[in-house]
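Before any comments, here is the structure.
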Amino acid sequence: MSACTLLLLLVSCSGALASHFYGGTLTFTPKGRNPDGSFRVDIRYKQTYESCYLWNEWYCHSGDCGYDSRFEVAEVDSGTSGVSYYGGRWCTSEALMTKDIQSNQPFEMWKTGCCWIYNSLSYGAPWALLTHVDLGIRSDTREPNRSPVTAVLPFIRIPQNCPRRLKLLAHDPDKDQVRCRYGTANSNECYYCHHHTGFYLDENSCTLTYQYNSIQNAHAFEIVLEDFPRQQITLSYTDGTLSRKSPLVTRHKRWYYGPMPTQFPTTSEATTTQSWWNRLISTPAPYWGSQLYSTPSPWWWNQPNTSPAPYWWNQPGTTATTSTTSTTAQWQQSTTTTPFPTTHLHAPSTNPLSKIPLHFAIQVDPAVHSCTEGELLPQFLPPTPRNGEFRNASVNQELEIRLKATATQSWVNNFIISGPLNITKYNTISGSDGESLIRWTPTENDLGDHVPICFIAESQSGSSIFHSEMRCIIVTVGHTYGKANVICNENTMTVELEKSSIIGLHEDHLRLNDASCTPTSNSTHVIAAMSLSSCGTILEEDADNLIFKNEITSYDKLGDVITRKHQVEIGFSCSYPKKGNVSLEFRAHKIPFVFTEKGFGKFTYQFEFFHSDLFDRMVDPNTYPVEVPLREMLYMEIKATSSIANTELFVESCRATPVDDPNYHIFYDIFENGCTIDETVVVYPSNPSDFKFGIEAFTFIGEHEEVFISCSVILCVGGNPFSRCSQGCINATAAPVVHHHHRRAVATETVRHYISQGPLRLKKSTDITVSNMSLSLNMNLVFIAAVLLVTVGIVCGAVIYTAKRSKVKYQPLPSTDF
């Protein structure tokens, strides 16, 4: 072969490889141990290129990555991007790689190459995907650690003038807290590592919000998902070592890199609406150690455009500026980035359990005349699953998912999906409407897996292409089950599961989210009934609905030889419209919480509000939700009652949330690790089984009008110096306290239980003014005023009755007008 021919081949190959990468991700699931004692783990990864990429080039970056005992790869979906300089096409494939590993010590896998599709900052840049795998045995589940589950469509289109919210899928099978952040170059998580103007990443909720970007081009996002336990746990390894993992505990700022907002609250507005949550999002309290628009984060916090780039990479000239503009047009035309802090965010106190890459591209298209879904942009219609919905699937039984979308000013021409191996779709297109049938049959190897499936509807008008919102669901794979009926009442939900659908599993080995709640049964069904605020039920909400979720899972009993974990994971939910004639009895006062544990028998926690610091007059349960004036003191008591003597109550943590879920991403800590966090808290003397405290009233501002108080409580044997109750406040910066498990075995303390009460609702200022005035009025004046009002009412009624109907329409004042 001549030198010229070889040169031409090299040029041809480099051109084929350039600017072809759309994104990818990788997750892992432990699959038990082999007969020789080695560990088996399934590695699933998705990748999208200009053409299908059906081979494996993941490398071992650190640790013992074992060897591949199985490898499968297949195309999931493909299509045309509609932008010629990307090559015009894309193809997504998924691979399943099973590894056998001698040790369950952590290891890292890495994949890198060149180049990203042509995008807003370059005509091709290298990319890197890094995954941290930890298979240590968790102290909370006694199972190997599992990674978060995620997926995304690799290529998403957004019109330049249409704000969008992209909810990234971040589900964790171990129920850990998942954080999404931008990757950093010095951690080998990316080469690009850029934060794009006009895009805002809420790390705690894994939501990417788009406002405006002046560059009509592709934008590459290199996100990392990290999971953290919700309480301190240890991971144990086969070599006898232990690793302690802690939840997110340290507050920190988030930074938004994009155009400055056109309006800021005035001083008077900030004063009139001051509250805990106001201070959290506007003027932080002094003890948080930072002021609004002040000192940036420490050097170790990930700052955009500050991570060191590889020596061969030329950084684009996007120096941040601190100047602001006065009009919308000015900041929309600006390509500079200006950081300003938004809400506070947790930062890790230790390393995460896992690190999962999630890389994808967003195309900013030309502006359109309508951003309304269902016109140019496709809109999903029933029976399309809701975003975040759970579905159950059975081994060797076909699962069907139906999608439907419409667009009145364009025509639906495709549905783009991202899912597991062997998934198929069948599109039916009819003008402005389109439907798709997704089918997938799980195999025995998928048993126990949480499988993500994401989808987007695509429409076209002329040469312009539009995308709907992205929706993702989680499919839980088990043995043959699914014959369940969910009954949703106004304040309860009930699930009835046919016993014949869970053959081989003992009905006594089933539980709900709260381990103290177990289903009952009759001759044909397993039945679980609960109120909307009990048994670990989680409340979520979207723009139109309140969604209550729970799950039936199987568990092991001590001494069992076989395992039943993860063979039954049946998620169920009830959805209630926010508007309508629905009785909201789930917001009512909660009765005492009852638990049973070995060594403590049956015990209860009662959580109540009181009218004063004398704690002699409890707030009437019939008056809930409790209305309180802003800045007045609230008085609360938690009382423990046990069937055994000499017990003491310990309140480890309390937090305020706008919904009845202590794990909700918006919260405010009152107590943490037994320590007082809020400066207005007053703790009152009480006996060992009581805890009385007061705190200044507050409200969550924005969409939320109510506040719930949730506390983590423990009951201990009195006088035991090794119990958690005796340790009291533990500073987060202090050395961790070593718990002696042999002492826990003799029941020195109960497990943590979460109890809550509420809601609290801020009393409107107008109500307060009227109330105060009425108290000061003389009874004679009140009588005279009442007579005058009745007279005026009669006269006005007569006038209205005889007059023609007015064309003026009336509507109630907004409830958020405090």
Side-chain angles (χ1 to χ4, degrees), residues 9-27 43-59 68 71-97 109-131 150-157 183 188-194 217-224 356-363 414-425 452-456 458 465 467 470:
L9 285 174
L10 290 175
V11 171
S12 175
C13 291
S14 65
L17 293 175
S19 300
H20 66 304
F21 181 70
Y22 284 79
T25 187
L26 182 148
T27 60
I43 307 288
R44 290 182 183 269
Y45 65 87
K46 290 184 178 68
Q47 51 196 3
T48 302
Y49 297 93
E50 185 180 329
S51 58
C52 277
Y53 193 86
L54 302 179
W55 57 91
N56 178 27
E57 288 187 356
W58 283 87
Y59 300 98
D68 298 349
F71 180 76
E72 294 181 47
V73 62
E75 176 184 327
V76 173
D77 201 2
S78 61
T80 302
S81 66
V83 186
S84 60
Y85 52 81
Y86 297 156
R89 293 196 59 81
W90 57 268
C91 180
T92 298
S93 60
E94 178 173 284
L96 172 60
M97 175 172 45
M109 297 179 62
W110 194 46
K111 183 175 183 177
T112 184
C114 185
C115 296
W116 271 101
I117 56 174
Y118 297 148
N119 55 72
S120 59
L121 292 181
S122 72
Y123 288 99
W127 48 268
L129 303 172
L130 179 71
T131 297
T150 187
V152 71
L153 275 302
F155 190 73
I156 302 169
R157 311 184 75 108
N188 296 312
E189 296 165 345
C190 55
Y191 282 125
Y192 210 50
C193 305
H194 185 73
N217 207 327
H219 298 70
F221 288 86
E222 296 165 313
I223 307 298
V224 176
I356 302 300
L358 180 62
H359 294 191
F360 56 93
I362 293 180
Q363 166 73 23
N414 193 17
F415 290 86
I416 303 173
I417 65 171
S418 175
L421 288 168
N422 304 321
I423 194 170
T424 59
K425 68 175 182 180
I453 298 176
C454 298
F455 42 87
I456 273 179
E458 184 178 82
I465 297 177
H467 281 179
M470 183 183 74

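In what follows, residues are counted from 1 in the order of the sequence shown.
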Name all residues meeting the side-chain contact (heavy atoms from CB on, under 4.5 Å) criterion together with [X]; count only those two or more places apart in sequence or in a different chain, and write none if there are none.
X: Asp68; answer: Asn56, Met97, Lys99
X: Thr112; answer: Trp110, Ala128, Tyr191
X: Val76; answer: Thr92, Glu94, Ile423

**Asked** Shortest non-hydrogen contact from Cys454 to Leu153?
**Response** CB-CD2, 3.5 Å
**Request:** Could you pull out the closest heavy-atom pair between Gly419 and Lys46, with the gap in Å?
**Result:** O-CE, 3.0 Å
Tell me, please, which residues at least two apart from [X] pass side chain to side chain donor-acceptor pair (under 3.5 Å).
X: Asn188; answer: His61
X: His359; answer: none
X: Thr424; answer: none
X: Asp77; answer: Lys425

**Request:** Determine, stepwise, if the pair His20 / Ser51 fulfils side-chain contact (heavy atoms from CB on, under 4.5 Å).
**Result:** CA-CA 8 Å; His20 66 304; Ser51 58; over 6 Å; no
To the closest 0.5 Å, what do you measure between [atom1] ([X]) and [atom2] ([Y])?
X: Leu129; Y: Glu57; atom1: CG; atom2: CD; result: 12.0 Å
X: Trp90; Y: Ser78; atom1: CH2; atom2: OG; result: 6.0 Å
X: Leu26; Y: Met109; atom1: CG; atom2: CE; result: 6.0 Å
X: Gln47; Y: Cys91; atom1: CD; atom2: SG; result: 9.5 Å
X: Ile417; Y: Ile456; atom1: CD1; atom2: CD1; result: 12.0 Å

**Asked** Parallel under 30°, tilted from 30 to 60°, perpendicular over 60°: which one fits the rings of His467 and Phe155?
**Response** perpendicular
**Request:** Please work out which of the three classes, parallel, tilted or perpendicular, describes the rings of Phe221 and Phe360, given edges at 30° and 60°.
**Result:** parallel
**Message:** Quick check against the 3.5 Å criterion: does Gln363 have a side-chain atom that pairs as donor or acceptor with the backbone of Ala218?
**Reply:** yes
**Prompt:** Considering residues at least two apart in sequence or located in another chain, which fulfil the ring pair (Phe, Tyr, Trp, His ring centres under 6.0 Å) criterion with Tyr45?
**Reply:** Trp58
**Item:** Residues forming a ring pair (Phe, Tyr, Trp, His ring centres under 6.0 Å) with Phe415, sequence neighbours excluded
**Value:** none
Does any part of the side chain of [Y], heavy atoms only, come nearer than 4.5 Å to the side chain of [X], both counted from C-beta?
X: Val224; Y: Ile356; answer: no
X: Cys190; Y: Leu130; answer: no
X: Glu222; Y: Pro357; answer: no

**Request:** Could you tell me whether Tyr22 and Tyr49 have their ring centroids closer than 6.0 angstrom?
**Result:** no
**Request:** Name all residues meeting the salt bridge (charged side-chain N to carboxylate O under 4.0 Å, His left out) criterion together with Glu72; count only those two or more places apart in sequence or in a different chain, and write none if there are none.
**Result:** Arg70
